Amino acid sequence: MNKLKNNATEALEGVLFDGMTIMAGGFGLCGIPEHLVIALRDSGVKDITVISNNCGIDDFGLGILLQTRQIKKMLSSYVGENKTFEKQYMSGELELEFNPQGTLAERCRAGGAGIPGFYTKTGVGTVIAEGKEHKEFDGVTYILETGLVADLSLVKAWKSDDEGNLVYRKTARNFNPVMATAGKVTIAEVEEHVALGDFDPDQIHTPGIYVDSFIVGTDYKKPIEIMTTREYVA
Amino acid sequence: MAWSREEIAQRAAQELQDGFYVNLGIGIPTLVANYIPENVQVTLESENGMLGMGPFPYPDQVDPDLINAGKQTISELPQSSYFSSADSFAMIRGGHIDLAILGAMQVAQNGDLANWMIPGKMIKGMGGAMDLVAGVNKVVIIMDHTAKDGSPKFLKACNLPLTGSDVTDLLITNLAVFEFQDGQPVLIELAPGVDAEEIKEKTEAEYTVCPKLKRHLHIQ
């Protein structure tokens, strides 16, 4: 079976439907599946529920799906930096569910691992805990959170081999490995395609079992949200 | 005289101990990294998936794949490691991070913390703040003692939505330091030129005063 597809449009063929739930990896604009998101926009699929830590910026990343009003609901931990988001949310066009970042990550991990729910201290005593089961363990109160599974997960990795084994680079890893496990279908986009045997099997981050297909993206933009540097001191 | 932003960061840096794993929030907490005491080695965690966060990169070493939780470009160190968001919050939730230093809008006398949302304004989200205050062993909060209109921010009860309940271990303001002992706030230090009477006037929370109240001449 050949997991390598020619391009993002081909990779998405036959997996999209209106009203579906899609996970998208990335933290801010770091490690986002930028080509797959563009292909998603061009597909015209609508009423999507998107699970992603953030929602891109106005004109890049998931933000471009807001411009075309393809997103019905976002499940995120932080959505600043996006005026279109603010406008659509305030006008009631866009639904939003906030999850604490660690709870969001663990919900994906649990979903991918076949765990329907777990207890966490995070959010106890806050609005996040409202309506959720509370349970005490050794005198400490926890709330029940549920695992998440998506119809489709879109992830970004640095390299893939033919098997779909993935290796990420630096902090571009973030949510990608857990989301790769939690998609009924998972599509990866990578910067480099390597031959079988090029990876040291001990160094693989995501085993290919989680990856249904992958594409090799070209001309990555990788915009930087906040450029901070130091000066060379002579 | 009230402490400046840098002096607050300097005071917070005194909480760092050799060998600590530390998470610094956005804003003044980030400045704490500039005042790590000599002979103290700490490892900074960035909750987007990195331990051993280095300083901002030189201009020709900027890497879009290497950012901190504030989305700023950073650099790596010889001891750095990278991991997924799930692993990152496992180490936070699991109590493996020794210390978090975070900003706040309000703190209450029972240790409640509000720092993520003002109803009626656009809500941006809590990011990792709720996980950090729930999971990190010691939570140090930094904030101005009063709001811009002079109203107190250290209150009997927070009126903004909470980030966590009973989570504050140490509160450092621009005027004073309070330590939560058995969940009760104790005034332990005063900024230079600030007296206990001024703190009383500018604080709504009920607290006790440490018999060995320390009056700072300057931050050491």
Side-chain angles (χ1 to χ4, degrees), chain A residues 25 27-31 53-54 76-82 85-86 89-90 96 98-106 108-110 120-129 158 168-179 181 205 220-232, chain B residues 30 46-50 53 55-76 80 82-93 95 110 112-114 116-117 122-135 161-167:
Chain A
F27 184 96
L29 298 180
C30 183
N53 190 52
N54 317 94
S76 300
S77 86
Y78 189 86
V79 294
E81 276 80 73
N82 195 318
F85 192 103
E86 182 169 348
Y89 174 68
M90 291 308 228
L96 171 63
F98 276 127
N99 277 202
Q101 196 174 133
T103 295
L104 179 61
E106 190 63 14
C108 298
R109 197 199 69 80
T120 177
K121 268 191 296 189
T122 302
V124 171
T126 76
V127 293
I128 294 303
W158 182 27
Y168 306 92
R169 187 172 177 273
K170 302 184 189 282
T171 56
R173 187 182 316 189
N174 56 63
F175 280 84
N176 286 299
V178 277
M179 288 185 169
T181 69
H205 297 141
Y220 273 94
K221 299 277 187 293
K222 296 191 185 181
I224 289 172
E225 279 186 78
I226 305 175
M227 175 77 81
T228 44
T229 58
R230 66 185 145 147
E231 306 265 315
Y232 280 105
Chain B
T30 307
S46 189
E47 66 265 27
N48 54 322
M50 181 185 198
M53 183 168 47
F56 294 148
Y58 293 115
D60 58 347
Q61 288 169 4
V62 167
D63 184 339
D65 288 340
L66 182 45
I67 63 170
N68 63 19
K71 295 163 189 162
Q72 297 171 311
T73 48
I74 49 166
S75 65
E76 65 184 19
S80 296
Y82 300 109
F83 35 83
S84 75
S85 299
D87 288 330
S88 174
F89 284 95
M91 67 182 72
I92 289 168
R93 204 186 299 104
N110 68 344
D112 284 3
L113 167 72
W116 75 282
M117 175 185 172
M122 175 57 196
I123 41 174
K124 292 173 184 281
M126 72 291 285
M130 286 190 180
D131 308 278
L132 283 162
V133 299
L162 296 185
T163 308
S165 183
D166 185 15
V167 293

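Since this is a predicted model, take the numbers as computed values, not measurements. Every chain is numbered from 1, with letters handed out A, B, ... down the list of sequences.
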Compare all side-chain heavy atoms of A/Val127 with those of B/Met117 and state whether any distance is below 4.5 angstrom. no
Could you tell me whether a side-chain N or O of B/Asp131 sits under 3.5 Å from a main-chain N or O of A/Gln101, the two making a donor and an acceptor? yes
In the structure I gave you, are the side-chain heavy atoms of A/Tyr78 and B/Lys71 within less than 4.5 Å of one another anywhere? yes
Stepwise side chain to side chain donor-acceptor pair (under 3.5 Å) check, B/Ser85 with A/Asn174: CA-CA 5 Å; B/Ser85 299; A/Asn174 56 63; 5.1 Å; no
In terms of heavy-atom proximity below 4.5 Å to chain A, should B/Ser75 be classed as side chain, backbone, both, or neither? side chain
Against chain A, label B/Ala114 side chain, backbone, both or neither, depending on which of its atoms sit under 4.5 Å from a heavy atom there. neither
Under 4.5 Å from a heavy atom of chain A, the part of B/Asn68 involved: backbone
Test: A/Arg230 cationic atom under 6.0 Å from B/Tyr58 six-membered ring centre, within 45° of axis: yes
Proximal component of B/Ile67, with respect to chain A [non-hydrogen, under 4.5 Å]: both
Side-chain donor or acceptor of A/Lys121 paired with backbone N/O of B/Ala134 under 3.5 Å: yes
Evaluate the side-chain contact (heavy atoms from CB on, under 4.5 Å) criterion for residues A/Ile224 and B/Thr73: first the C-alpha distance (whole Å), next the side-chain angles of each, then the deciding distance (0.1 Å), finally the verdict. CA-CA 8 Å; A/Ile224 289 172; B/Thr73 48; 3.7 Å; yes
Under 4.5 Å from a heavy atom of chain B, the part of A/Leu104 involved: neither
Using non-hydrogen atoms only, which part of B/Gln61 is less than 4.5 Å away from chain A: side chain, backbone, both, or neither? side chain
Between A/Arg169 and B/Leu66, is any pair of side-chain heavy atoms under 4.5 Å apart? no
